[in-house]
Participant: 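Attaching a single structure in structure tokens format; questions to follow.
Throughout, a chain's letter reflects where its sequence line sits, starting with A, and its residues are numbered from 1.
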Number of protein chains: 2
Amino acid sequence: MESKREAAKSERRQRIIVAARELIRETGDAGLSMRALAARAGVSLATPYNLFGSKRAVLLAVLEDIKGFGHRFASYGTLNPLDKLLRAAELAISYYEKDPVFYRVLWTSVLAAAGAEERDAIFNPKRQAFWIRLLDEASAAGLLMEGIDTNLLLRSLDYSFRSVMLHWVIGEIEVENLQAAAGLGYALALRGAASAEGQALLTERVFAFQRALSEGTAPKKGAVAEEVS
Amino acid sequence: MESKREAAKSERRQRIIVAARELIRETGDAGLSMRALAARAGVSLATPYNLFGSKRAVLLAVLEDIKGFGHRFASYGTLNPLDKLLRAAELAISYYEKDPVFYRVLWTSVLAAAGAEERDAIFNPKRQAFWIRLLDEASAAGLLMEGIDTNLLLRSLDYSFRSVMLHWVIGEIEVENLQAAAGLGYALALRGAASAEGQALLTERVFAFQRALSEGTAPKKGAVAEEVS
DNA sequence: TATATTTTTATAACGTGATATAGTTTCCGC
DNA sequence: GCGGAAACTATATCACGTTATAAAAATATA
């Protein structure tokens with residue numbers, strides 16, 4: 001199936017990905033230079049550029065390599081769609097909580113101005129479909145307002161999620177508050193799009209996340225209002 | 001009041017800020033190196049580092065320098081607090097729309113992993129106070145749910161806003177859609193925190209922003225769902 | 001096996017943000 | 001005015017991401 005040439009290429013690619021993963025684990029952000037990476041992978045400095053194109057692309061490949069997707073959500077069957085949504089988000093974040101140093105390095109590079117191709121590598125159609133399905137389910141169950149565009153709602157949820165990741169990366173959110181911060185964003189936006197029935201399910205969640213954030217690590221002193229002009 | 005030494009320092013600082021502004025305007029992102037900046041400001045390479053600390057800090061200072069604040073909102077008197085909020089956000093964004101190239105360069109540097117001190121330079125207490133006042137006003141008018149923590153709500157709104165800016169910077173949002181994207185995020189989160197009365201005011205806004213986004217430039221093909229694992 | 005093609009290697013180079021050092025100018029307090 | 005501190009200048013340097021170049025190695029094709 002695969003020519004010997006392509007096989008060797010894949011093998012090199014994999015070696016680079018593994019080396020990157022190990023380097024991040026061992027040295028954190030600082031130790032991950034392209035020169036160190038090439039040396040660790042037993043490869044010339046030019047090779048990662050040939051095979052991936054840039055440092056960011058390498059890290060994206062690491063992110064891709066790490067995650068399995070989609071087969072973990074089969075068992076949410078009996079929950080209502082909105083709870084499924086929040087549960088899925090919770091699960092997503094739990095991965096970051098388990099290995100914060102590692103994921104923070106990855107997200108740092110990934111969030112920094114990325115090109116379209118690279119973004120699509122993370123936020124791909126498969127994942128899009130998963131979330132849209134949940135939102136459509138909620139809509140069909142009458143939990144969202146009539147006329148809500150689930151694609152646009154998803155986009156808003158997504159912005160909120162990535163923003164929380166960004167602020168975690170830059171140190172404005174503690175890892176203990178990741179769940180609650182992301183959850184509050186989700187719950188607020190969902191409740192904002194919800195029908196009366198949906199809101200009944202979400203109101204309690206809003207306050208629960210709010211409590212979690214208040215009781216968590218003391219809120220930072222620094223203001224968080226965006227500027228106005 | 002000001003010693004001659006400090007005056008000269010301020011003058012140099014200002015010269016650097018102006019030089020940065022001009023360089024961005026003339027050459028865009030690319031031409032703005034510290035060496036070019038120093039040369040343009042008639043100053044040594046070391047001086048911007050002495051006076052500001054880093055390149056990002058210089059750009060933050062440019063952002064600071066550019067905007068006046070607070071005296072533009074006196075005339076919103078008769079609007080209800082929620083409309084005031086949305087109006088203020090609208091005004092904020094209008095500045096970016098007027099000079100997108102310029103502001104994009106600034107935000108690119110600002111959003112990239114910033115330190116706490118630098119963040120506080122943008123999101124300072126004065127602005128925080130402005131927004132909190134609006135939210136508290138809304139709360140006092142019974143437009144928000146009983147028990148909503150306006151500080152946490154503001155933080156959520158803020159995350160949403162910055163996320164929209166981030167996605168504009170990386171090219172995922174067109175400038176024509178900035179208003180609607182930010183507005184939808186605000187309207188959803190606010191409606192999610194609103195009382196029945198407040199929701200009555202916001203439901204229409206949600207759909208208005210939704211329409212604007214649908215009718216604007218064709219939605220990008222790229223997915224926007226966050227990954228889950 | 002011999003030739004052609006692709007890919008990697010080794011190495012140098014460029015421009016970047018940032019820091020360090022030594023010398024020079026500027027200004028404040030006395 | 002003069003001594004000393006503070007700031008800036010000039011310059012060298014560092015590590016970084018990235019690109020370019022030529023040579024060597026690996027593989028495909030005949």
Side-chain angles (χ1 to χ4, degrees), chain A residues 1-17 19-20 23-24 27-62 105-106 108-115 117-118 170, chain B residues 1-20 23-24 27-62 105-106 108-115 117-118:
Chain A
M1 196 73 233
E2 209 177 14
S3 75
K4 197 163 182 182
R5 199 162 249 158
E6 284 306 313
K9 223 189 260 192
S10 300
E11 191 266 344
R12 252 177 244 118
R13 233 188 294 258
Q14 196 58 32
R15 231 162 58 212
I16 292 170
I17 289 176
L23 268 179
I24 297 174
T27 68
D29 201 349
L32 188 74
S33 75
M34 290 302 271
R35 287 165 177 86
L37 176 60
R40 176 73 172 235
V43 112
S44 123
L45 171 60
T47 300
Y49 287 97
N50 290 334
L51 295 179
F52 294 92
S54 70
K55 180 178 188 179
R56 213 164 45 226
V58 171
L59 294 180
L60 275 168
V62 173
V105 172
L106 288 183
T108 300
S109 297
V110 168
L111 280 175
E117 341 71 47
E118 296 164 347
I170 67 180
Chain B
M1 197 73 233
E2 205 176 17
S3 76
K4 198 162 186 184
R5 197 162 253 158
E6 284 306 313
K9 223 190 263 194
S10 300
E11 191 265 343
R12 254 177 241 118
R13 233 190 295 260
Q14 196 58 31
R15 230 163 58 213
I16 291 170
I17 290 176
V18 169
L23 270 179
I24 296 175
T27 69
D29 200 350
L32 189 73
S33 74
M34 290 301 272
R35 286 163 178 85
L37 177 60
R40 176 73 170 236
V43 111
S44 128
L45 171 61
T47 300
Y49 288 98
N50 289 334
L51 294 179
F52 295 92
S54 70
K55 181 178 187 178
R56 213 162 45 227
V58 172
L59 294 181
L60 275 168
V62 173
V105 172
L106 288 183
T108 299
S109 298
V110 167
L111 283 174
E117 340 72 48
E118 295 165 349

Participant: Determine the contact category for B:L37: base if any of its heavy atoms lies under 4.0 Å from a base atom, sugar-phosphate if only primed atoms, P, OP1 or OP2 are that close, otherwise nothing.
Facilitator: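 No contact.
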Participant: Output yes when at least one side-chain N/O atom of A:S44 is less than 4.0 Å from OP1 or OP2 of C:dT11, else no.
Facilitator: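 No, A:S44 has no side-chain N/O under 4.0 Å of OP1/OP2 on C:dT11.
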Participant: Please examine the side chains of B:Q14 and B:I17, heavy atoms only from C-beta on, and report whether any two atoms are closer than 4.5 Å.
Facilitator: yes
Participant: Quickly work out the B:I16 CD1 to D:dT9 C1' distance and round it to whole Å.
Facilitator: 13 Å
Participant: Between atom CZ in B:F52 and atom P in D:dA7, what is the gap in whole Å?
Facilitator: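 Nearest whole value for this atom pair: 15 Å.
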Participant: Would you mind reading off the distance between B:L51 atom CG and C:dA18 atom P, rounded to a whole angstrom?
Facilitator: 14 Å
Participant: Measure from the side-chain heavy atoms of A:K9 and tell me the nearest of C:dT7, C:dT9, D:dT9.
Facilitator: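 When the side chain of A:K9 is considered, C:dT7 is the closest of C:dT7, C:dT9, D:dT9.
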Participant: Going 5' to 3' through nucleotides 17-30 of chain D, assign each nucleotide B (protein heavy atom under 4.0 Å from a base atom), S (under 4.0 Å only from sugar-phosphate atoms) or - (no protein heavy atom that close).
Facilitator: BBB------BBS--
Participant: Please tell me which of A:G31 and B:N50 maps to the more 5' nucleotide of DNA chain D, matching each residue to the nucleotide holding its nearest heavy atom.
Facilitator: B:N50
Participant: Could you tell me how far apart B:E11 (CD) and D:dA7 (C1') are, to the nearest whole angstrom?
Facilitator: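 Nearest whole value for this atom pair: 14 Å.
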Participant: Determine the sole option in A:I16, A:V58, A:V43 for which the side-chain contact (heavy atoms from CB on, under 4.5 Å) test with A:L51 is passed.
Facilitator: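 Single pass found, and it is A:I16.
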Participant: How many angstroms lie between OG in A:S44 and CZ in A:R12, if you round to the nearest 0.5 Å?
Facilitator: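 Going from the OG atom of A:S44 to the CZ atom of A:R12 covers 10.0 Å.
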Participant: What is the distance from atom CG of A:L37 to atom CZ of A:R15, rounded to the nearest 0.5 Å?
Facilitator: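 A:L37 CG to A:R15 CZ: 11.5 Å, rounded to 0.5 Å.
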Participant: State the CZ-CG distance between A:R13 and A:N50, to the nearest 0.5 angstrom.
Facilitator: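 If I round to the nearest 0.5 Å, the distance is 10.5 Å.
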Participant: Quick one: pull up CD in A:E6 and NZ in A:K9 and give me the separation to the nearest 0.5 Å.
Facilitator: 4.5 Å
